[in-house]
Amino acid sequence: QVQLVESGGGLVQAGGSLRLSCAASGRTFNRYAMGWFRRAPGKDREFVGTISWAAGITYYADSVKGRFTISRDNAKNTVYLQMNSLKPEDTAVYYCAAGSNAVVTRKEHEYPYWGQGTQVTVSS
């Protein structure tokens, strides 16, 4: 079984930065794409970004492009989400997800493994 544990969430003022981490265990981490999603209050969960297993390919939602950066350290079985220039509309629970293969995708249903989420709150 795969376990994903997110950390790094918190309260930050608009314009600030946070870095989320997602530690993975339970299988060979470096063969699979990883994704970040978020759920804002009263909204459906949405795609934030994804990274290929070799970290050579990344895709981002338009709403975070240029502000958020995904990276991974396969030696540490950890994926990161660096969030800069945060806005109040970035307030959400952020989820890490592991894919079932190496293919990067924005599709939520193609990620079978999920973390418990970490809260990010951006104050205006």
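Values below: every heavy atom of this structure, side chains too, minus hydrogens, waters and symmetry copies.
- With values rounded to the nearest 0.5 angstrom, S71 atom OG is found 11.5 Å from M34 atom CE.
- At distances below 3.5 Å, not a single donor-acceptor pair connects side-chain atoms of Y111 with backbone N or O atoms of W36.
- Y59 contributes atom OH, which lies 10.0 Å from atom OG1 of T105 (distance to the nearest 0.5 angstrom).
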Run the side chain to side chain contact (heavy atoms under 4.5 Å, CB included) test on W114 and R45 for me, step by step, so that the C-alpha distance in whole Å, both residues' side-chain angles and the decisive distance to 0.1 Å come before the verdict. CA-CA 12 Å; W114 293 81; R45 190 158 57 186; 3.5 Å; yes
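- The CG atom of N84 lies 11.5 Å from the CZ atom of R19; values are rounded to the nearest 0.5 Å.
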Apply side chain to side chain contact (heavy atoms under 4.5 Å, CB included) to L20 and E6, showing your working. CA-CA 7 Å; L20 306 183; E6 302 98 334; over 6 Å; no
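- The backbone N or O of I70 lies less than 3.5 Å from a partner atom in the side chain of Y60, making a donor-acceptor pair.
- For the residue pair R39 and K43, the shortest heavy atom distance occurs at CG-O, 3.2 Å.
- Residue F68 holds its CZ atom at 9.0 Å from CG of L18, rounded to the nearest 0.5 Å.
- Annotation: Y113 is not in aromatic contact with Y32 [ring centroid separation under 6.0 Å not met].
- V79 approaches C96 most closely through the heavy-atom pair CG1-SG, 3.9 Å.
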Full working for side chain to side chain contact (heavy atoms under 4.5 Å, CB included) between D73 and Y80: CA-CA 8 Å; D73 185 337; Y80 304 96; 4.1 Å; yes
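- Checking side-chain atoms of S85 against main-chain N and O of G15 turns up no donor-acceptor pair under 3.5 Å.
- Note that CE of M83 is 11.0 Å distant from OG1 of T69, once rounded to the nearest 0.5 Å.
- Salt bridge K87/D90: absent, no basic N to carboxylate O contact under 4.0 Å.
- Here K65 contributes atom NZ and T58 contributes atom OG1; the two are 9.5 Å apart, rounded to the nearest 0.5 Å.
- Both I57 and F37 are members of a single hydrophobic cluster when ILVMFWY side chains are connected at heavy-atom separations under 4.5 Å.
- Considering every non-hydrogen atom in both G9 and V120, the closest pair reads CA-CG2, 4.1 Å.
- When every heavy atom of S21 is checked against every heavy atom of T78, the shortest pair comes out as CB-CG2, 4.3 Å.
- At distances below 3.5 Å, not a single donor-acceptor pair connects side-chain atoms of T121 with backbone N or O atoms of T91.
- Within the 3.5 Å criterion, the main-chain N or O of S52 finds a donor-acceptor partner in the side chain of R72.
- A pairwise comparison of heavy atoms in P112 and A98 identifies CD-O, 3.2 Å as the closest pair.
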List the steps and the verdict of side chain to side chain contact (heavy atoms under 4.5 Å, CB included) for R38 and S63. CA-CA 12 Å; R38 67 186 182 186; S63 59; 3.5 Å; yes
